[in-house]
Number of protein chains: 2
Amino acid sequence: MFNEEIIIIFELVIIFEMSKKKIAEPDLSTEEKIKDAAQRVFMQKGYAATRTRDIAEEAGINLALLNYYFRSKEKLFELIMLEKLEKFFGSVAPVLNNAETTLDQKVILFSNNYIDLLIENPELPLFILSEIRYNPDRFAHKLPVAKIADSLFLKQLHEKRQDINPVHFLMNILAMSVFPFIMKPVFHSAGIMNDKTFTARMMERKALIPKWINAMLKAK
Amino acid sequence: MFNEEIIIIFELVIIFEMSKKKIAEPDLSTEEKIKDAAQRVFMQKGYAATRTRDIAEEAGINLALLNYYFRSKEKLFELIMLEKLEKFFGSVAPVLNNAETTLDQKVILFSNNYIDLLIENPELPLFILSEIRYNPDRFAHKLPVAKIADSLFLKQLHEKRQDINPVHFLMNILAMSVFPFIMKPVFHSAGIMNDKTFTARMMERKALIPKWINAMLKAK
DNA sequence: ATACATTTTAATCATTTGTTTAAAAACGTT
DNA sequence: AACGTTTTTAAACAAATGATTAAAATGTAT
């Protein structure tokens with residue numbers, strides 16, 4: 001019947017709208033609900049400012065369940081922090097050590113992949129870096145800094161510009177890709193840029209950064 | 001007498017050594033001692049992780065004196081935060097709006113002055129940016145973003161490269177100057193770079209950044 | 001020296017916060 | 001349906017924390 005079809009269409013529209021607005025998915029297990037909520041709250045407020053009650057409320061669960069499933073606030077944080085560290089650092093070393101790609105290709109691959117990652121996780125850099133700052137020793141050994149410091153990428157850079165420490169160039173690529181996301185809260189809270197225009201600018205940068213790095217390498 | 005002269009020299013040496021090692025200056029007023037200590041502790045641990053007892057201990061004063069002189073932890077923090085905001089943003093707009101300098105000169109002046117500032121205050125960027133992140137609305141109106149967004153510097157940039165949004169270039173100058181200080185805790189806690197070599201690299205960057213920016217502006 | 005104001009101290013308070021407990025509810029198996 | 005197991009709940013606890021208080025100490029002016 002005609003009416004039934006209309007009803008079905010309305011239902012589909014409602015489902016679609018719900019999936020767009022990311023309304024709390026009620027079919028997750030309690031453990032996953034807590035982890036998801038903890039992720040959001042920790043990322044937004046940092047470890048110290050986060051109350052276990054905030055997480056419980058965000059997850060829509062009883063406070064005691066947090067300790068039931070994860071022992072303690074600290075254990076839960078450690079779990080999430082390790083995942084976020086992997087997300088933030090994990091993809092860097094593989095790209096920089098890929099033996100199949102040239103220097104130029106590495107720059108393109110890195111800035112493209114990394115900016116895509118950060119568009120999906122804009123608060124990641126500031127979260128990671130402040131938590132490391134406020135607890136330097138705790139995660140020191142978890143960072144793949146050695147694999148980056150001895151990377152093929154830095155050797156390839158050194159061949160191209162023996163007069164300048166290649167760490168400078170690596171720093172610049174990182175800076176130009178990551179720093180805008182660290183400044184985002186400033187622009188946003190000052191009402192200068194909304195999320196949409198910010199993302200658009202970041203998309204532009206994916207193509208621009210490799211060109212800029214090339215220009216820097218050729219300079220003088 | 002000869003002995004007296006030697007004694008005077010020894011005293012001078014002691015005073016000199018003390019000023020070098022910055023041993024807690026005991027001649028400060030209680031109010032200043034608290035503010036100084038609060039500065040250090042807030043910058044190191046952030047607002048949320050800082051206990052008023054930490055500040056009292058660092059200042060070597062009785063806990064109650066903090067409330068006696070500054071009413072509350074929050075009032076004291078606000079005071080320090082405003083000073084740090086001024087330090088972090090205060091010098092930017094004047095340089096970017098100076099009608100007497102060319103575009104190239106502005107880049108040189110900015111990177112030089114700003115890196116000098118950050119060498120003296122390495123934790124400043126991460127402190128400011130995390131506190132804004134974790135409390136976006138609170139300091140939004142205090143930021144001189146408008147003076148930067150409408151700056152002469154951006155107009156001069158626009159003339160030189162009408163094809164690219166000048167905000168990209170401003171972002172790059174900021175990024176290349178500031179970002180290393182944001183990554184410093186990572187390098188440091190991973191044992192890759194000590195304070196001395198880090199500072200040396202930053203000194204190099206003061207001269208390099210203007211060259212890089214120039215190359216980027218000429219590119220393609 | 002005395003009286004008054006300012007500063008400092010030790011003790012205490014009220015609230016917040018991470019965690020635990022014991023009972024209730026829900027679940028699964030036979 | 002009855003049983004044991006797992007999950008959830010409300011209540012409570014102990015420690016931490018920001019703040020206050022009242023008395024002691026110190027400083028200052030007469």
Side-chain angles (χ1 to χ4, degrees), chain A residues 24-84 127 130-131 133-135 137-139, chain B residues 24-84 127 130-131 133-135 137-139:
Chain A
E25 303 143 62
D27 52 338
L28 288 178
S29 76
T30 308
E31 200 174 338
E32 283 169 325
K33 271 195 281 183
I34 297 173
K35 230 180 102 179
D36 271 27
Q39 223 172 122
R40 287 191 294 273
V41 182
F42 278 139
M43 292 266 277
Q44 200 189 17
K45 313 171 66 150
Y47 176 79
T50 295
R51 318 285 156 224
T52 52
R53 282 164 175 82
D54 299 336
I55 299 174
E57 196 185 359
E58 173 83 13
I61 53 102
N62 186 287
L63 174 61
L65 290 177
L66 191 152
N67 296 84
Y68 178 76
Y69 284 103
F70 298 95
R71 301 279 305 264
S72 70
K73 176 191 175 188
E74 206 165 336
K75 288 269 201 313
L76 175 56
F77 176 73
E78 190 112 9
L79 200 76
I80 286 164
M81 186 66 179
L82 290 182
E83 284 186 17
K84 298 296 176 185
F127 169 75
S130 356
E131 294 299 337
R133 162 88 190 88
Y134 295 145
N135 216 332
D137 307 317
R138 189 170 182 184
F139 305 104
Chain B
E25 303 142 62
D27 52 338
L28 288 177
S29 76
T30 309
E31 200 173 338
E32 282 169 327
K33 271 195 282 185
I34 297 172
K35 230 181 102 178
D36 272 27
Q39 224 174 121
R40 287 191 294 275
V41 182
F42 278 139
M43 291 266 277
Q44 201 191 16
K45 313 170 67 149
Y47 176 79
T50 295
R51 319 284 158 226
T52 53
R53 283 163 175 82
D54 300 337
I55 299 174
E57 196 186 359
E58 173 84 13
I61 53 101
N62 185 287
L63 174 62
L65 290 176
L66 191 151
N67 296 87
Y68 179 76
Y69 283 104
F70 298 95
R71 302 277 306 261
S72 70
K73 176 192 175 187
E74 205 164 337
K75 288 269 203 312
L76 175 56
F77 176 74
E78 189 113 9
L79 200 74
I80 286 164
M81 186 66 178
L82 289 182
E83 283 186 18
K84 299 297 176 188
F127 169 74
S130 353
E131 294 299 336
R133 163 86 190 89
Y134 294 145
N135 215 333
D137 306 318
R138 189 170 180 184
F139 305 104

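Every value quoted in this text rests on a predicted model; they were computed, and no experiment measured them. The chains referred to below are lettered A, B, ... by the order of the sequence lines, with proteins before strands, and numbering in each begins at 1.
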Partners passing side chain to side chain contact (heavy atoms under 4.5 Å, CB included) against Lys84(B) (at least two apart in sequence or in another chain)
Gln39(B), Met43(B), Ile80(B), Leu124(B), Phe127(B), Ile128(B)

If the condition is side chain to side chain donor-acceptor pair (under 3.5 Å), which residues does Asn135(A) pass it with, not counting sequence neighbours?
none

Please list, chain by chain and in numerical order, all residues satisfying side chain to side chain donor-acceptor pair (under 3.5 Å) with Lys35(B), sequence neighbours excluded.
Glu83(B)

Check side chain to side chain donor-acceptor pair (under 3.5 Å) between Gln44(B) and all other residues, then give those that pass, not counting sequence neighbours.
none

Taking salt bridge (charged side-chain N to carboxylate O under 4.0 Å, His left out) as the definition, give me every residue that meets it alongside Glu31(A), ordered by chain and number, with sequence neighbours left out.
none

Holding to salt bridge (charged side-chain N to carboxylate O under 4.0 Å, His left out), I want the full list of residues that pass it with Glu74(A), two or more places apart in sequence or in another chain.
Arg138(A)

Under 3.5 Å, side chain of Lys73(B) to main-chain N/O of Thr50(B), donor-acceptor pair present?
yes

With a strict under 4.0 Å distance from non-hydrogen atoms of chain B, what nucleotide opens and what nucleotide closes the contacted stretch of DNA chain C, reading 5' to 3'?
dT6(C) to dA10(C)

Separation of atom CG in Leu28(A) from atom C1' in dT7(D), rounded to whole Å:
17 Å

Return the value, rounded to whole Å, for the distance between atom CD of Glu57(A) and atom C1' of dA10(D).
17 Å

Can you list, in residue-number order, the parts of residues 60-70 of chain A that come under 4.0 Å of DNA chain C, counting heavy atoms only?
Leu63(A), Ala64(A), Asn67(A)

Counterpart residues, side chain to side chain donor-acceptor pair (under 3.5 Å), relative to Arg53(A) (two or more places apart):
none

With Phe77(B), which residues qualify under ring pair (Phe, Tyr, Trp, His ring centres under 6.0 Å), at least two apart?
Phe42(B), Tyr47(B)

For DNA chain D, which residues of residues 37-56 of chain B approach it to below 4.0 angstrom with any heavy atom?
Thr50(B), Arg51(B), Thr52(B), Arg53(B)

Partners of Phe70(A) by ring pair (Phe, Tyr, Trp, His ring centres under 6.0 Å), sequence neighbours excluded?
none

